[in-house]
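Written below as C-alpha cells is the structure these notes are about.
This structure is a prediction, so every number in the text was calculated from the model and none was measured.
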Amino acid sequence: GLLAGREQNMWFQQFAADLNNFRAALAWSVAQQQPETTAQLAEGLRLFWQDRGPVSEGVRWLDTALQHRERLSLPTLTRVLSTKAALLLVVRGDREQAMPLLQASLRLSRELGDKTRLVRTLSYLGIAAVLEGDYQRSAALHEEAVAIARAQPDRHVLATALLNQSGVYMLHGDNAQAKAGFSESLLLARELGDPRGIAYALNYSATVALAEEDHQQAIPMMEESLTLGRELESPGLIAVPLSGLGLAALYQGDHDRAL
C-alpha cells in the first residue's frame, strides 16, 4: 500500500492533510448506506490510524461498517475483522475484545485462501497468546505465520511476520533467534525501501544489543532509527530510540547525555 512503500512519508503527510476529506467520504458512505465502501475506506487507513491516530476513530468507523456485516463481501469482512483486532490488540493491548475478531478472521482467511490476511491474523493471535503468558502457543502461531509468509510473493508480509516472531523470542530470552529474525527482517525492509520497517527492525535489534550490553552495536542502530522516526514524523518511532539512547548513555556513565 501507499503507506508502506518507499514514498510512505509523503503519503502519510498527504493523508494527514486530507483527513477531513476522508472523514467526509466515510460519513457520506454511511449516510448512503454503503457499508462496503465504509469498510474499505476505514480499513485502507489502518496504518494511519495505528501510527498517527486517533485509534478510537479508526475503531469507530470499522464498528460502523460491522453493524451491517451481512452486507459486506467476505474478503472485506475478513480484512475489517483483523484490522479492528490489530488496533485493539497492538495499540491498546485489549486482548478480550480482539480475540473473537481474530478467531472469525482466521476462519474466513482459511476459507478464502487469503494467505496475506492469514499470516497477519496468525501473528496477531501470537501476540495475544504472549499477553496471556502462553509462550509455547505464541511460538507455534508465529512459526506457522512465518512459514506461510515465506511462500508469498509480498516480502512486506514476511518482514513483518519475522519482526513479530522475533519479538516473542526476545521476550523469552532467546536472543540468538531474536537477532537472526530481526536481521532478516531488517535486510528485507532495506531491500523493499521501507523506512518504517527499517526503523522497527533497528529498534528491536538495538533492544537485544542493549540487553547484552553491546552498546557499540546498539547506539548506531538507535541513531539511525531516530533519524528515520523524525523523517517519518512518527511519535512512537522517535520515542523508542530516544529512550534507548538514554539508557545506553546511563549504562556508560554519561549521566548528562542520559538526561
Side-chain angles (χ1 to χ4, degrees), residues 1-125 127-128 145 148 152-154 156-157 160 194 196 232-234:
L2 297 174
L3 297 180
R6 293 178 184 272
E7 304 296 327
Q8 59 189 252
N9 189 35
M10 179 193 72
W11 286 110
F12 265 98
Q13 292 174 350
Q14 188 64 56
F15 275 42
D18 289 340
L19 187 55
N20 285 334
N21 290 331
F22 285 122
R23 287 169 173 153
L26 284 160
W28 178 88
S29 70
V30 173
Q32 296 298 313
Q33 299 183 355
Q34 295 185 15
E36 180 81 9
T37 301
T38 306
Q40 291 182 1
L41 279 171
E43 198 279 328
L45 289 163
R46 172 182 63 89
L47 288 176
F48 186 87
W49 303 128
Q50 184 173 318
D51 189 79
R52 302 293 174 87
V55 171
S56 58
E57 182 176 5
V59 170
R60 186 171 71 250
W61 287 117
L62 293 167
D63 277 337
T64 300
L66 286 171
Q67 288 173 8
H68 305 281
R69 60 190 297 165
E70 73 282 352
R71 295 177 57 193
L72 299 178
S73 66
L74 287 181
T76 296
L77 176 59
T78 306
R79 290 194 295 272
V80 168
L81 289 169
S82 69
T83 293
K84 181 185 174 184
L87 292 175
L88 290 170
L89 182 70
V90 177
V91 181
R92 290 186 179 175
D94 189 341
R95 183 186 58 80
E96 186 174 343
Q97 286 196 61
M99 281 303 294
L101 301 171
L102 290 172
Q103 294 294 352
S105 177
L106 181 67
R107 176 179 57 79
L108 287 169
S109 296
R110 292 194 192 281
E111 287 178 5
L112 293 168
D114 185 341
K115 300 297 187 182
T116 295
R117 193 59 48 176
L118 179 57
V119 169
R120 288 177 179 165
T121 302
L122 287 167
S123 290
Y124 297 145
L125 284 166
I127 293 170
I148 296 170
Q152 304 313 304
D154 188 345
H156 279 104
V157 176
T160 302
D194 176 5
R196 195 168 306 272
L232 292 165
E233 301 177 9
S234 171

### Summary
Taken in chain and number order and not counting sequence neighbours, the residues that satisfy side chain to side chain contact (heavy atoms under 4.5 Å, CB included) with R92 are V55, S56, L88, D94
Restricting to non-hydrogen atoms, name the atom on [X] and the atom on [Y] that form the minimum distance, rounded to 0.1 Å.
{"X": "Y124", "Y": "L89", "value": "O-CD2, 3.1 Å"}
{"X": "L118", "Y": "I148", "value": "CD2-CD1, 3.7 Å"}
{"X": "W61", "Y": "T38", "value": "O-CG2, 4.0 Å"}
{"X": "L72", "Y": "A39", "value": "CD2-CB, 3.9 Å"}
{"X": "A65", "Y": "P35", "value": "CB-O, 4.0 Å"}

Short question: side chain of [X], backbone of [Y] - any donor-acceptor pair under 3.5 Å?
{"X": "W49", "Y": "A42", "result": "yes"}
{"X": "E36", "Y": "S73", "result": "yes"}
{"X": "T121", "Y": "R117", "result": "yes"}
{"X": "T160", "Y": "V157", "result": "no"}

Would you mind reporting whether [Y] and [X] have side-chain heavy atoms less than 4.5 Å apart?
{"X": "L77", "Y": "L66", "value": "yes"}
{"X": "T64", "Y": "L26", "value": "no"}
{"X": "R46", "Y": "R79", "value": "no"}
{"X": "R95", "Y": "I127", "value": "no"}

### Task
Check the side chains of S123 and R120 for a donor-acceptor pair under 3.5 angstrom, ignoring hydrogens and angles.
no
### Message
Suppose we screen for side-chain hydrogen bond (donor to acceptor under 3.5 Å, both in side chains). Which residues come up paired with R196, at least two apart in sequence or across chains?
### Response
Q8, D51
### Summary
So ring pair (Phe, Tyr, Trp, His ring centres under 6.0 Å) across residues 65-91, not counting sequence neighbours, yields none
